[in-house]
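So you know, we letter chains A, B, ... as the sequences are listed, proteins then strands, and number each from 1.
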Amino acid sequence: MITRQLNSKTLHGISNQLSINLRRFHSSKHAHQQLDNNPHRNALPINRLMVSAITAKHPFEALEIFRRHLQFGFLNDIDEVTLAIALKACTGDQTPGRQIHGFAITSGFVSYISVSNSLMNMYCKSGQFDKALCIFNNLNNPDIVSWNTVLSGFEKSDDALSFALRMNLIGVVFDAVTYSTALSFCLDHEGFLFGLQLHSLIVKFGLDSEVYVGNALITMYSRWGRLVEARRVFDEMPNKDSVSWNAILSGYTQDGDYGVEAILALIEMMRKGLRLDHVSFTSAASACGHEKNLELGKQIHGVSIKMGYGTHVSVGNVLMSTYSKCEVTGDANKVFRRMHDRNVISWTTMISMNREDAVSLFKEMRLDGVCPNDVTFIGLIHAISIGNLVKEGRMIHGLCIKTNFLSEPSVCNCLITMYARFESMQDSEKVFDELSCREIISWNALISGYAQNGLSLAAVQAFFGVIKESKPNAYTFGSVLNAVGAAEDISLKHGQRCHSHIIKVGLDSDPIVGSALLDMYGKRGSIFESQRVFNETQEKSEFAWTAIISALARHGDYESVMNQFKEMENKGVRPDSITFLSVLTVCGRNGMIHKGRQLFDSMLKDYHIEPSPDHYSCMVDMLGRVGRLEEAEELVGQIPGGPGLSVLQSLLGACRIHGNVEMGERIADALMKMEPAGSGSYVLMSNLYAEKGDWEMVAILRKGMKSKGVRKEVGFSWADVGDIDGLHGFSSGDNTHPRSEEIYRMAECLGSEMKYLNSKRERAIAL
DNA sequence: CCGGAACGCC
C-alpha cells in the first residue's frame, strides 16, 4: 500500500490546477449531483471539490460534501486524502472532527500515517492537544510530519522547546518545517539562546535557503528588537516571497524607531512590483499609526482601496486604530461602518476609541453575535472607569465572573484600576487578593490605586510586597514615588529606599523613573536631591524637564526656574501646560508681573497651548498679590467656562490682603453660592471685616456660619524629624507636644526672619 | 510549518 502524504503544497497544487473560484464552485454543485449517480467513481473528483470549497473559504461546504458521501454510503469515493482534506476543513468546531476520527477508526483509514497526522493537526487546532498527543504516542512509526505537528501544538514555549530538544536527542532529523516551527517558539526573550542555537544549526545543515525558515528567522529577530539581524537574514535570502517582505515590514512596524524604514520597505515593495496583500497593508498602516503620520496613512488607505483591500477586516481594523491615533475618530468610525465583516478586534477597537459610547457599542457587538475576549473587556472596563460609570462597572465585573474572564489576570488588573478610580479600594483589594497569578502589572495597578486615593502608606507597603514577590518595573516606581511625593505623612526615608532600589535594579537611567524620582524629591522639598537626579539623567525627557522646573518653582527659586526654562527651549524641548503653570507660579511668588503676563500671553500665541483654569488662577493670584485687583477680576471674567472655586478663593484672599471690602463682598457672595458649606470664604470675609474694624459684619457672618452649619476646618500638618517613624502631626494652636514652647519660639524666629527677607526682596524689586 | 490588526500598570 502506498502512503500518499498530503501537505499544503499538494493542496495548493490541486486547487491551482483546477483554479476554481467560488462561482465555479457553486455551478459545480450540479456536477456533484451527477457524481453521486455515477457508478464508476474514484476519490479524485470529490477531493478536488472539497479542496476548491476550502480554497474558496467555505470549509463547511467541503464538510457537507464529505458528510453526504458517508450518508449515501459511497465509500469507494473516499480515500485517505479525502479524510485528510475533510479534517483540514474542521476549523474550530470539534464535533465533525471527532466524527471523522470515529469513521477513520471503523474504516481502517487510521492506519495511514497521513490520516493520523491530519487527526493530530485537527486536535491541535481545536485546542485538544491531549488527544493529539495520545494519537502520537500510539504511532508505531511517526514521520517528520507527525513530530512537527505535535511540536506545533504546544501552548507554552518552554514545553515546545524541550520537546524539540528531545526530538534532537533521539535522532529525529529536523526539516525546514521543524525549524520554522521551533523558531516560532523563540519569539520572546526567554527563547533567545535556543533561537540562536537553532539559527546556527540551520546554517550548518544548509536549510537557510528555505524560504519558510528564513521568514521565521526574520520574525524572530524582529520580535527580539534586533532589526539589523532580521534585515541581514532578509538580504541573504536567495528566494524571498511576499511573506518575507511582510515579515521584515512588520519588524520595522513593531519597533518605534523604524517607522520610516517600514514605510520605505513598503515603497520598495511597490517599486519592485511585488504583490501587496492584506498583511502588507495591515503592517504598513500600523506603521503610520505608530508614527502618527496621518497623511501617509491616508495614502496607504487609498492604495489599499485601489487594490481591493480597503474593506478587508484586518486592514480595516488597523486603519481604524491609525485614524484614532491621529485623532480623527470620525474617519475611524467611517472605516468601521463601511467594513463588510467585523470581528472581535474591530469591535474592541471601536469600544476602546469611543469611550463615551463603549457600553452601548458593547451591547451592539453582542447583538451582532460577536463574542468578546479578554482585550474587549480590558478596553470596556477602562472606558467605564474613565467615565466613572460605577453601576456599569459592577455589572461588567459580574459578567466577567459569569463568563469566566476573571481567570484572565489582565482583566483583573483592569478591574483593580477601575475600583481605584471609583474610590473603593476595598473592592480593588478583593480583586487583587483573588488573583490566580499576580503579575507585576497587578501590583502596579494596586499601588497606583493607593497613591491616587491618598493611601500613601498602603502604597509603600505594597511596594515592599512587590520586592519580596516579584521584580518591580518602571511603572511600579512611578506609582510608589508618586505616593511618597504626594503625602506629607510618609517619611522621606521611604522615598530614599525606593531610590536605592531603583539603582539596584538598574532603572536609574529610565526616563519615566528619573522624572518621577526628581518630582518626588521636589515635592518633598529636597531641591538639591532633585537637581542632582536631574543632572545625572542622561536622556532628559520632556517629563524630566517639566518635573525639575516644577520642583524649582515649588522651591520659589525664580532665577533657576527661568534659567532652566531657557535651557529647555534651547535644547528644543517644548514646554507644556504644566511647565507654564510652574513658570507662572514662580513669577507670581516673586512679583514678576510683567514677565508673567508676557509668558501667559505667549502661551496661546507662540506655543498654541490653551490656558487652563489653573493658569488663570495663577495669573489672578499673581495680580492679586500686588494689589492689581481690578485687572485680576477682569481676567476672572475671561476664564472659559466660568471661574472655579480656587480662582475666586485666591482673589478673595487678595481682597483681604489689600483691604478691598467692596470686591471682597462680591467675590465672597459668588463663592458662598458655589460652595455653601465651605468655611474658607466666611473666614476670609470675617478677617477682612475685622481688619477694617467692622465688627458688626463679623458678628453677622459668624451667626450665618452657625445657622448654616458651616464649621471651620482645622488645618493639620506633619514634620519629618528624620527617623522613619519620626513623623509628628500638629494642628494650629496645638501645644500638646512636650517641647511645644521651644517649637513656638523657633517658629516665631523663623517668621520674623522671613518677614525681614521678604521686605529686603521687595526693596530689591522696587529698585 | 512562516507574515498582520484591538487592551491594561507611568
Side-chain angles (χ1 to χ4, degrees), chain A residues 7-9 121 144-145 147-149 151-152 174-184 210-220 222 241-251 253-254 277-287 289 309 312-322 324 343-353 372-383 385 408-418 420 439-449 451 472-482 510-513 515-516 519 541 543:
Chain A
N7 59 30
S8 59
K9 267 188 189 153
N121 190 40
I144 186 65
V145 179
W147 285 100
N148 290 344
T149 308
L151 180 63
S152 73
F174 285 22
D175 69 355
V177 178
T178 323
Y179 280 114
S180 34
T181 310
L183 286 171
S184 71
E210 291 279 341
V211 67
Y212 284 143
V213 176
N215 293 347
L217 281 169
I218 297 172
T219 306
M220 181 184 75
S222 302
D241 63 5
S242 63
V243 176
S244 327
W245 279 91
N246 288 341
I248 193 81
L249 180 62
S250 88
T253 304
Q254 277 156 27
D277 65 7
H278 58 109
V279 181
S280 329
F281 287 115
T282 307
S283 300
S286 166
Y309 292 105
H312 186 282
V313 61
S314 72
V315 179
N317 290 347
V318 74
L319 280 170
M320 282 161 66
S321 112
T322 301
S324 147
N343 62 13
V344 61
I345 297 179
S346 330
W347 283 102
T348 304
T349 311
M350 274 303 271
I351 289 170
S352 312
M353 65 187 201
N373 63 16
D374 52 338
V375 184
T376 318
F377 276 110
I378 293 169
L380 178 65
I381 295 168
H382 188 241
S385 24
E408 290 289 335
S410 52
V411 173
C412 295
N413 298 342
C414 255
L415 285 169
I416 294 172
T417 306
M418 179 189 83
E439 301 172 337
I440 184 63
I441 297 182
S442 328
W443 281 104
N444 293 351
L446 188 74
I447 294 174
S448 95
N473 66 11
Y475 292 105
T476 324
F477 286 111
S479 301
V480 72
L481 290 171
N482 191 15
D510 184 279
I512 293 169
V513 175
S515 55
D519 191 53
S541 65
F543 303 107

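Rounded to a whole Å, the CZ atom of A:Phe377 is 17 Å from the P atom of B:dC7. Rounded to whole angstrom, the span from the OH atom of A:Tyr212 across to the C1' atom of B:dG3 amounts to 11 Å. A straight line from CE of A:Met320 to P of B:dC7 spans 10 Å, rounded to a whole angstrom.
Of the candidates B:dA5, B:dC7, B:dG3, the closest approach to any side-chain atom of A:Val318 belongs to B:dA5.
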Are any protein N/O atoms closer than 3.5 Å to N/O atoms in nucleotides 8-10 of chain B? If there are, list each pair with its distance.
residue: B:dC9; atom: O2; partner: A:Asn444; partner atom: ND2; Å: 2.8
residue: B:dC10; atom: OP1; partner: A:Ser448; partner atom: OG; Å: 2.8

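Every side-chain contact (heavy atoms from CB on, under 4.5 Å) that A:Ser541 has, sequence neighbours left out, goes to A:Pro511, A:Phe543, A:Ala544. With sequence neighbours left out, A:Tyr475 forms a ring pair (Phe, Tyr, Trp, His ring centres under 6.0 Å) with no residue at all. Take A:Thr282 and apply the side-chain contact (heavy atoms from CB on, under 4.5 Å) test, not counting sequence neighbours, and it matches A:Ser314, A:Val315, A:Val318. Partners of A:Phe174 by ring pair (Phe, Tyr, Trp, His ring centres under 6.0 Å), not counting sequence neighbours, listed by chain and number: A:Tyr179. By the side-chain contact (heavy atoms from CB on, under 4.5 Å) test, A:Val211 is found to be paired with A:Asn215, A:Met237, A:Asp241, A:Ser244, residues two or more places apart in sequence or in another chain being considered.
Formation of a donor-acceptor pair under 3.5 Å by the A:Thr181 side chain with backbone atoms of A:Ser152 is not found in this model.
Across all strands shown, A:Thr349 has heavy atoms under 4.0 Å from sugar-phosphate atoms exclusively, and none from any base. Residue-level contact check: A:Asp175 touches neither bases nor backbone, having no heavy atom under 4.0 Å from any strand. Using a 4.0 Å heavy-atom criterion, one finds that A:Asn121 contacts the sugar-phosphate atoms exclusively. Residue-level contact check: A:Asp277 touches the bases, meaning some heavy atom is under 4.0 Å from a base atom.
Put simply, the side chain of A:Thr181 and the base of B:dC1 share no donor and acceptor less than 3.5 Å apart.
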